[in-house]
Amino acid sequence: MNNSEINRLGERLRDARLQNLQLDVVALEKFRQTYNDTARQVGAKLSTNVSRVFTQRTKSTESIVDKLIRQPNTRLSQMQDVVGLRYVVAHLYSQDQICETIKSAFPEAKVVDRRMQPQFGYRAVHLIVTEQNKKVEVQIRTEFQHLWAQYSEALADRQGHELKYGGGDQRIRKFLEELAEKIRSREQELLEQNITLNPQQIHDEFKAMLPTIAAL
């Protein structure tokens with residue numbers, strides 16, 4: 001599929017969703033499969049340079065179409081996160097270390113630091129790497145940031161996915177942003193005091209920050 005064909009597919013998908021028509025999922029799956037070899041090559045290079053295990057995911061049909069509608073100027077051929085690889089690390093220092101290692105392996109990588117510019121509470125470091133003229137997103141999250149993202153996803157599944165993009169219940173959005181700020185402050189404190197928590201301690205601290213079920 002060339003870029004023109006890919007972009008026309010994106011337009012068809014966007015129009016079909018807006019008009020409540022059937023999506024061309026066969027063509028979309030064909031497009032996603034073109035990333036298989038690229039993801040393998042990026043993964044192999046990361047495995048050679050980074051001594052940690054990553055997970056891989058391919059963007060779902062719903063997420064792709066939602067993004068095309070939410071960002072109408074985005075062309076499908078330009079989407080940078082059709083395939084994503086993710087590292088989850090213990091703390092901010094490791095996050096910075098891995099980021100630098102990946103930048104060494106992919107010198108042209110674009111760094112998007114969501115710690116400095118959080119997206120509705122979401123914090124992480126993303127690197128957009130290019131291989132075979134395709135872009136692959138590499139996410140680096142701390143354990144705390146990952147727990148926040150998982151919790152946010154669970155709330156969005158229950159309350160509506162617009163929560164992730166600044167919409168939905170204002171009370172819940174405010175809580176998620178306040179929770180993210182508590183995590184940012186705690187992680188900075190741990191970094192300054194050179195303290196490393198184990199996964200269970202991180203999980204317990206995160207759980208203690210959550211409200212009761214009745215509160216939400």
Side-chain angles (χ1 to χ4, degrees), residues 9-25 28 32 55-76 78-88 92 95 111-128 135 137-188 202-216:
L9 170 60
E11 291 167 3
R12 294 202 308 274
L13 292 168
R14 182 189 292 119
D15 292 344
R17 171 57 55 80
L18 292 173
Q19 298 173 34
N20 293 317
L21 301 176
Q22 186 172 357
L23 300 175
D24 190 348
V25 293
L28 180 57
R32 278 191 295 230
T55 58
Q56 180 178 328
R57 68 105 183 96
T58 303
K59 204 171 186 68
S60 70
T61 296
E62 291 301 313
S63 293
I64 288 175
V65 178
D66 284 349
K67 189 167 187 175
L68 289 170
I69 292 173
R70 192 172 67 252
Q71 301 177 7
N73 293 326
T74 296
R75 295 179 179 272
L76 184 56
Q78 299 171 331
M79 201 169 285
Q80 299 179 340
D81 58 349
V82 174
V83 171
L85 308 176
R86 178 185 299 150
Y87 291 96
V88 179
L92 296 173
Q95 194 173 35
V111 180
V112 181
D113 194 338
R114 293 290 182 200
R115 298 172 304 179
M116 303 301 294
Q117 296 180 314
Q119 190 173 44
F120 308 113
Y122 174 79
R123 284 180 166 86
V125 178
H126 292 183
L127 292 95
I128 310 301
K135 297 185 186 301
E137 182 182 80
V138 183
Q139 297 179 354
I140 313 170
R141 295 176 180 174
T142 65
E143 292 275 4
F144 269 120
Q145 292 165 359
H146 186 57
L147 287 169
W148 183 95
Q150 288 183 312
Y151 184 76
S152 175
E153 286 280 353
L155 281 179
D157 287 342
R158 194 173 72 192
Q159 300 288 337
H161 284 185
E162 61 272 14
L163 270 179
K164 296 189 294 184
Y165 311 113
D169 190 310
Q170 183 177 358
R171 181 172 54 95
I172 297 177
R173 286 205 323 271
K174 184 172 184 259
F175 162 72
L176 285 172
E177 290 176 4
E178 289 174 348
L179 176 62
E181 180 56 28
K182 287 180 184 178
I183 288 172
R184 186 206 63 77
S185 178
R186 178 57 173 152
E187 288 197 301
Q188 189 62 36
I202 292 171
H203 187 274
D204 290 344
E205 284 202 15
F206 178 79
K207 188 175 180 180
M209 296 178 188
L210 300 181
T212 62
I213 294 176
L216 284 179

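Remember, it's a predicted structure, so these values are computed and weren't measured experimentally. Every heavy atom of this structure was used, including side-chain atoms; hydrogens, water molecules and symmetry mates were not.
- Taking 4.0 Å as the cut-off between side-chain N and carboxylate O, Arg123 and Glu181 count as a salt-bridged pair.
- Between Arg75 and Glu11 the shortest side-chain heavy-atom distance falls below 4.5 Å.
- By the neighbour-count criterion of 12 heavy atoms within 6.0 Å, atom NZ of Lys164 is densely surrounded, having more than that number from other residues, nucleotides or ligands.
- Contact check for Leu176 versus Tyr151: side-chain heavy atoms found under the 4.5 Å cut-off.
- Minimum interatomic distance between Arg14 and Thr74 (heavy atoms only, all atoms of both residues): NH2-O, 3.1 Å.
- At least one side-chain heavy atom of Asp81 sits less than 4.5 Å from a side-chain heavy atom of Lys67.
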**OP:** Verify side-chain contact (heavy atoms from CB on, under 4.5 Å) between Phe144 and Met209, making sure each step is shown before the conclusion.
**Re:** CA-CA 11 Å; Phe144 269 120; Met209 296 178 188; 4.3 Å; yes
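- Counting heavy atoms from C-beta outward, Gln145 and Ile140 have side chains that stay 4.5 Å or more apart.
- A cation-pi arrangement is present between Arg70 and Tyr165, with the terminal nitrogen or guanidinium carbon under 6.0 Å from the aromatic centre and inside a 45° cone about the axis.
- The closest side-chain heavy-atom distance from Leu210 to Leu179 is below 4.5 Å.
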**OP:** Determine, stepwise, if the pair Asp24 / Leu28 fulfils side-chain contact (heavy atoms from CB on, under 4.5 Å).
**Re:** CA-CA 6 Å; Asp24 190 348; Leu28 180 57; over 6 Å; no
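- Considering CD of Gln139 and CD1 of Ile128, their distance stands at 9.0 Å, rounded to 0.5 Å.
- Distance alone, capped at 3.5 Å, is enough to place a donor-acceptor pair between the Arg173 side chain and the Gly167 backbone.
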**OP:** Evaluate the side-chain contact (heavy atoms from CB on, under 4.5 Å) criterion for residues Ile64 and Leu76: first the C-alpha distance (whole Å), next the side-chain angles of each, then the deciding distance (0.1 Å), finally the verdict.
**Re:** CA-CA 8 Å; Ile64 288 175; Leu76 184 56; 3.9 Å; yes
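- Rounding to the nearest 0.5 Å gives a distance of 14.5 Å between CZ of Phe206 and CZ of Arg186.
- Rounded to the nearest 0.5 angstrom, Glu162 CD and Asp169 CG are separated by 9.5 Å.
- Proximity of a side-chain donor or acceptor of Arg32 to a complementary backbone N or O of Lys59 within less than 3.5 Å is detected.
- With rounding to the nearest 0.5 Å, the separation of CG in Asp157 from CG in Leu163 is 10.0 Å.
- Residues Val112 and Glu137 form no side-chain contact, since every pair of their non-hydrogen atoms from C-beta on lies 4.5 Å or further apart.
- In this structure, the side chains of Leu23 and Thr61 come closer than 4.5 Å at one or more pairs of heavy atoms.
- More than 12 heavy atoms of other residues, nucleotides or ligands lie within 6.0 Å of CZ in Arg17, so this atom counts as buried by the packing criterion.
- The nearest pair of heavy atoms linking Ala180 to Gly121 is CB-O, 3.2 Å.
- Taking the six-membered ring for Trp and thresholds of 30 and 60 degrees, Trp148 and Tyr122 have ring planes inclined between 30 and 60 degrees apart.
- Considering Glu187, Arg115, Arg141 in turn, Arg115 is the only one that fulfils the side chain to side chain donor-acceptor pair (under 3.5 Å) rule with Gln95.
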Original post:
Hey, mind stepping through Arg184 and Glu177 against salt bridge (Lys or Arg N to Asp or Glu O under 4.0 Å) and telling me if it holds?
Top reply: CA-CA 10 Å; Arg184 186 206 63 77; Glu177 290 176 4; over 6 Å; no
**OP:** Before giving the answer on side-chain contact (heavy atoms from CB on, under 4.5 Å), spell out for Glu62 and His161 the whole-Å C-alpha distance, their side-chain angles and the decisive distance to 0.1 Å.
**Re:** CA-CA 11 Å; Glu62 291 301 313; His161 284 185; over 6 Å; no
